[in-house]
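Inspection log for the structure reproduced underneath, given as structure tokens.
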Amino acid sequence: MKIDLHCHSRASDGSLTPTELVQRALLQQVRYLALTDHDTTAGLAEAHQAAQGTGLTIVDGVEISTNWRNWEIHIVGLGMEVADGAFQQLLTQQSQWRQQRAELIDQKLQKRGLHGLLDQASRYANGGNIGRSHFARALLAEGVVTTPQQAFDQYLGKGQCAYVRNQWCPLTEAVARINQAGGISVLAHPSKYQLSNKWLRMLTADFAEAGGQAMETIHCQMNRQLQQFLQQLAQEHQLLLSAGSDFHSPGRFIELGRGLHRPTQRGVWHHFNWLPEEP
Ligand code: AMP
Ligand code: MN
Ligand code: MN
Ligand code: MN
């Protein structure tokens, strides 16, 4: 049985609709799938509808971009009451900042002689939450770069010419809103922030102190040593373990449910009583 607690649809920067994502998850024999779009829950209703009667359970999820000591840290929320007012208010505020930031990114690109990219990025976002990946696709389509990665490396990534300093909510606020809405907060992809071990320890401590409950420690692209290090770190702060592919679109390396082996204990899935606790 496979579990995948982190993925994206077209409601943010994924390339599949929620329905296509559900169909793909079924083909991959995923049993529990959390749809965790960036700062929006707009894809969840369609995902639930598509999963009805299929044996796949959709877990209500979100991935919130936050600010922690001037680092951009992503917090996944799982199992919240989606309609919770304060939670949705935070997502609205975040989505508004996404739109404002898109305009600022566009201004910076225009200064480089690159025009019309906001329109194109907005078309890719198609009413969903706009993100840098949409600009990366626009830059690719215009022939400015040859890969999305190059768009991040030369234009959109931190410190590059079209980078806009983040105004995301504080990490503590995202954790509080998720928890108050009855969900559990998960520190997403801790190894992706390029933090030294010392800073990663500080982040984990602050996250746990803020009420964070789990950490993603399982991913097909993390080697065993890294997974063990993260699991040890999680244990030191009594955090549960989570597993998610962060799937965005079909490709060679990342697949829904792939390589997400589950430790027998302290999994976030035990919190939800999906699986019997093993001795
Ligand atoms: P945003 O949330 O709009 O700031 O965009 C962040 C998203 O862009 C991430 O969730 C990834 O999907 C993608 N992303 C971030 N950094 C890179 C990178 N270096 N290369 C490719 N995609 C990236
Ligand atoms: Mn993304
Ligand atoms: Mn992320
Ligand atoms: Mn993600």
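Residue numbers run from 1 in the order of the sequence given. Both counts, for ligands and for their atoms, begin at 1 and track the order of listing.
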I'd like the atom name of the N/O/S atom in D246 lying closest to the Mn ion (ligand 4).
OD1
Proximal atoms of ligand 1 relative to S133 (non-hydrogen, under 4.0 Å):
7 (C), 8 (O), 12 (O), 13 (C)
With rounding to the nearest 0.5 Å, note down the distance linking CG in D4 to CG in L256.
5.5 Å
Restricting H189 to its N/O/S atoms, the closest one to the Mn ion (ligand 3) is NE2
Taking atom 2 (O) of ligand 1 as the reference point, the nearest protein heavy atom with its distance:
R98 NH2, 3.0 Å
Would you please determine whether G157 falls within less than 4.0 Å of ligand 1 on a heavy-atom basis?
no
Quick one: nearest non-hydrogen protein atom to atom 5 (O) of ligand 1, plus distance?
R132 NE, 3.7 Å
Please check this pair: side chain of Q88 against backbone of A83, looking for a donor-acceptor N/O pair closer than 3.5 Å.
no
Heavy-atom side-chain contact between M222 and S191 under 4.5 Å:
yes
Does atom CD (E209) have a neighbourhood of more than 12 heavy atoms from anything else shown, all under 6.0 Å?
no
Less than 3.5 Å between some nitrogen or oxygen of H74 and one of ligand 1, yes or no?
no
Pair L260, K2 - check side-chain contact (heavy atoms from CB on, under 4.5 Å), show working.
CA-CA 8 Å; L260 302 175; K2 292 184 191 168; over 6 Å; no
Is it the side chain (CB and beyond), the backbone, both or neither of D153 that lies under 4.0 Å from ligand 1, heavy atoms counted?
neither
Got the closest protein heavy atom to atom 7 (C) of ligand 1, with its distance?
D13 OD2, 3.6 Å
Identity of the N, O or S atom of H74 lying closest to the Mn ion (ligand 3)
ND1
One finds that the ligand 1 atoms under 4.0 Å from a non-hydrogen atom of H38 are 10 (O)
Say whether, by atom type as modelled, one donor and one acceptor occur between the side chain of R31 and the main chain of G55 under 3.5 angstrom.
yes
Which segment of H8 sits under 4.0 Å of ligand 1 when only heavy atoms are counted
neither
For atom 20 (N) of ligand 1, what is the closest protein heavy atom, and at what distance to 0.1 Å?
Q149 OE1, 2.9 Å
Close side-chain approach of F207 and W68, heavy atoms under 4.5 Å:
no
Do any N or O atoms from the side chain of H8 and from the backbone of T36 form a donor-acceptor pair under 3.5 angstrom?
yes
Hey, does R101 sit under 4.0 Å from ligand 1 if you only count heavy atoms?
yes
Between the side chain of D13 and the main-chain N/O of R132, is any donor-acceptor distance below 3.5 Å?
no
Over 12 non-hydrogen atoms of neighbours within 6.0 angstrom of CZ in R69:
yes
Protein contact to atom 21 (C) of ligand 1 [nearest heavy atom, distance to 0.1 Å]:
F152 CD1, 3.4 Å
Is the closest heavy atom of H134 to ligand 1 under 4.0 Å?
no
Is it true that some N/O/S atom of E63, main chain or side chain, lies under 2.8 Å from the Mn ion (ligand 3)?
yes
G131 heavy atoms within 4.0 Å reach ligand 1 at atoms 3 (O)
Taking the Mn ion (ligand 4) as the vertex, what is the angle from NE2 of H8 to NE2 of H6, given to 10 degrees?
100°
Minimum heavy-atom separation for P190 and E216, please, with both atom names.
CD-O, 3.1 Å
Protein residue, atom and distance nearest to atom 12 (O) of ligand 1, heavy-atom basis:
H248 NE2, 3.0 Å
If we ignore hydrogens and angles and just use 3.5 Å, is the side chain of E20 paired with the main-chain N or O of T17 as donor and acceptor?
yes
